[in-house]
Amino acid sequence: MDKHRDTRSYDRRDQDPRGRRGGATRRKRKKHGRAFKVVMTIVLIFVITLAMLLCMSAAYIKNVIIPDASLDMSDFNPNLTSKVLAQNPETGSYETVQTLYGEENRVWVSTDEIPQYLKDAAVAIEDKRFYEHQGVDWVTTIKACARMFMNNSSMGGSTITQQMIKNYTGKNEILVQRKVQEIISGILVEKKYSKEEILEKYMNIIYMGEGCYGVKSAAATYFGKELQELTLAECASLIGITNNPSLYDPYISDQTLANNRERQLTILDQMLEQGWIDQ
């Protein structure tokens with residue numbers, strides 16, 4: 001008997017390295033299999049939850065948002081300013097001796113009566129892609145939503161179409177529901193009305209300080225002129241007021257006058273940059 005011979009019993013798997021590797025591989029496969037099942041379960045739950053939320057959102061938009069978003073402006077009847085006329089005995093013509101209005105000083109004008117400079121100034125500063133989009137500028141809307149989620153209370157991002165709708169409905173709450181409704185309204189309105197019709201309504205609805213609603217009464221109040229007589233600089237000054245009359249109404253104080261001047265120059269720069277005017 002060889003005294004150096006090891007007579008201890010042993011498992012063949014302890015002797016064969018391939019056996020040890022095979023067992024470890026099977027254990028890894030089982031472990032990976034369990035991990036894969038967990039991940040797939042989580043993914044499946046996420047997909048099902050997302051699908052349910054999308055279905056609920058679609059139903060909410062269809063049944064709640066869209067019915068309120070549909071606008072028919074054919075019966076729009078805003079408050080208008082009345083004029084008292086008297087005949088001039090010397091000339092025989094009738095002249096305005098007094099204007100009468102309640103809270104809103106507004107004289108409605110057609111799009112043909114609005115100077116092109118005034119339209120271009122509004123588009124340049126408020127909605128430079130006005131003639132390209134279909135009621136919603138998705139670039140500015142996404143930026144506005146990002147600002148909202150960063151706790152910025154002012155969403156902004158509204159197109160001229162959306163601003164017109166906001167002024168028409170009187171709804172200006174800073175709510176996601178209202179913003180969604182405004183977006184859908186903008187799309188629906190642009191399917192029904194042309195760009196010129198929308199711009200005309202916008203120009204006649206907007207508040208411009210000093211009790212003026214619309215550009216015609218504002219031209220008379222600030223410059224003592226008819227719309228067609230306004231210069232380019234005066235058009236830019238008037239449109240500058242619309243952003244925030246309490247900041248840009250030049251009659252309030254020296255500071256707001258300076259603000260209006262700065263805003264006016266910004267608008268002229270934008271008009272130049274976008275090709276509405278030359279140097």
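The residues of the chain are indexed from 1 along the displayed sequence.
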**OP:** Output, in order, the C-alpha distance, side-chain angles, deciding distance and verdict of side chain to side chain contact (heavy atoms under 4.5 Å, CB included) for Leu188 and Tyr193.
**Re:** CA-CA 9 Å; Leu188 296 177; Tyr193 301 97; over 6 Å; no
**OP:** Evaluate side-chain hydrogen bond (donor to acceptor under 3.5 Å, both in side chains) for Asp112 paired with Ser110, printing each intermediate quantity in order.
**Re:** CA-CA 5 Å; Asp112 296 334; Ser110 67; 4.8 Å; no
**OP:** Check the pair Gln162, Thr159 against side-chain hydrogen bond (donor to acceptor under 3.5 Å, both in side chains), reporting the backbone distance first and the verdict last.
**Re:** CA-CA 5 Å; Gln162 291 171 295; Thr159 62; 3.2 Å; yes
**OP:** Could you walk me through whether Thr161 and Glu190 pass side-chain hydrogen bond (donor to acceptor under 3.5 Å, both in side chains), step by step?
**Re:** CA-CA 8 Å; Thr161 306; Glu190 292 235 0; 2.6 Å; yes
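Judged by distance alone, the side chain of Glu132 and the main-chain N or O of Arg129 form no donor-acceptor pair under 3.5 Å. When atom types are taken as modelled, the side chain of Gln274 and the backbone of Met271 share no donor-acceptor pair closer than 3.5 angstrom. A donor-acceptor pair is defined here as one N or O able to donate and one able to accept, closer than 3.5 Å; such a pair exists between the side chain of Thr49 and the backbone of Ile45. In this structure, Glu197 contributes its side chain and Ser194 its backbone to a donor-acceptor pair below 3.5 Å. Asp120 places no side-chain N or O within donor-acceptor distance of the main-chain N or O of Trp276, the cut-off being under 3.5 Å.
Between Tyr248 and Asn243 there is a side-chain heavy-atom pair separated by less than 4.5 Å. For the pair Leu238/Phe223, a side-chain contact is recorded, criterion being any heavy-atom separation below 4.5 Å from C-beta on. Side chains of Arg263 and Ile239 form no contact here, defined as non-hydrogen atoms less than 4.5 Å apart. Residues Glu196 and Lys119 are in side-chain contact: their nearest non-hydrogen atoms beyond the backbone lie under 4.5 Å apart. Here the side chains of Met203 and Val109 are not in contact, with every heavy-atom distance at 4.5 Å or above. A heavy-atom distance below 4.5 Å is not found between the side chains of Ile42 and Val39. Put simply, the side chain of Tyr222 reaches to within 4.5 Å of the side chain of Tyr251, judged on heavy atoms. The closest side-chain heavy-atom distance from Gln228 to Ile114 is not below 4.5 Å.
The environment of Lys195 atom NZ is dense: over 12 non-hydrogen atoms of other residues, nucleotides or ligands sit within 6.0 angstrom.
Side chains of Glu200 and Trp108: a donor-acceptor N/O pair is present below 3.5 angstrom, by distance only.
The distance from atom NZ of Lys166 to atom CD1 of Ile205, rounded to the nearest 0.5 Å, is 12.5 Å.
Between Ser217 and Arg106, the shortest heavy-atom distance links the atoms OG-CA, 4.3 Å. Scanning both residues, Asn259 and Leu247, for their nearest heavy atoms gives ND2-O, 3.1 Å. Annotation for Ala219 and Leu227: closest pair CB-CD2, 4.0 Å, computed over non-hydrogen atoms. Met208 approaches Ala218 most closely through the heavy-atom pair SD-CB, 3.7 Å. Here the closest non-hydrogen pair linking Pro250 and Asn260 is CD-ND2, 4.1 Å. Across all non-hydrogen atoms, the minimal contact from Thr266 to Ile125 is CG2-CD1, 4.1 Å.
Using a 4.5 Å cut-off between side-chain heavy atoms of Ile, Leu, Val, Met, Phe, Trp and Tyr, with links allowed through other members, Ile277 and Leu118 fall into the same hydrophobic cluster. At a threshold of 4.5 Å between side-chain heavy atoms, the hydrophobic network of Ile, Leu, Val, Met, Phe, Trp and Tyr places Ile187 and Tyr131 in two separate groups. If you chain together hydrophobic residues whose side chains sit under 4.5 Å apart, Ile241 and Leu232 fall into the same group. Note: the hydrophobic cluster containing Phe130 also contains Leu272 (ILVMFWY, side chain heavy atoms under 4.5 Å, direct or indirect links).
A cation-pi arrangement, defined by a distance under 6.0 Å to the six-membered ring centre and an angle within 45 degrees of its axis, is absent between Lys201 and Tyr168.
Contact check on Glu113 versus Lys216 returns no salt bridge, with no Lys/Arg side-chain nitrogen under 4.0 Å from an Asp/Glu carboxylate oxygen.
Exactly one residue among Ile165, Thr242, Val215 makes a side-chain contact (heavy atoms from CB on, under 4.5 Å) with Tyr202. That residue is Thr242.
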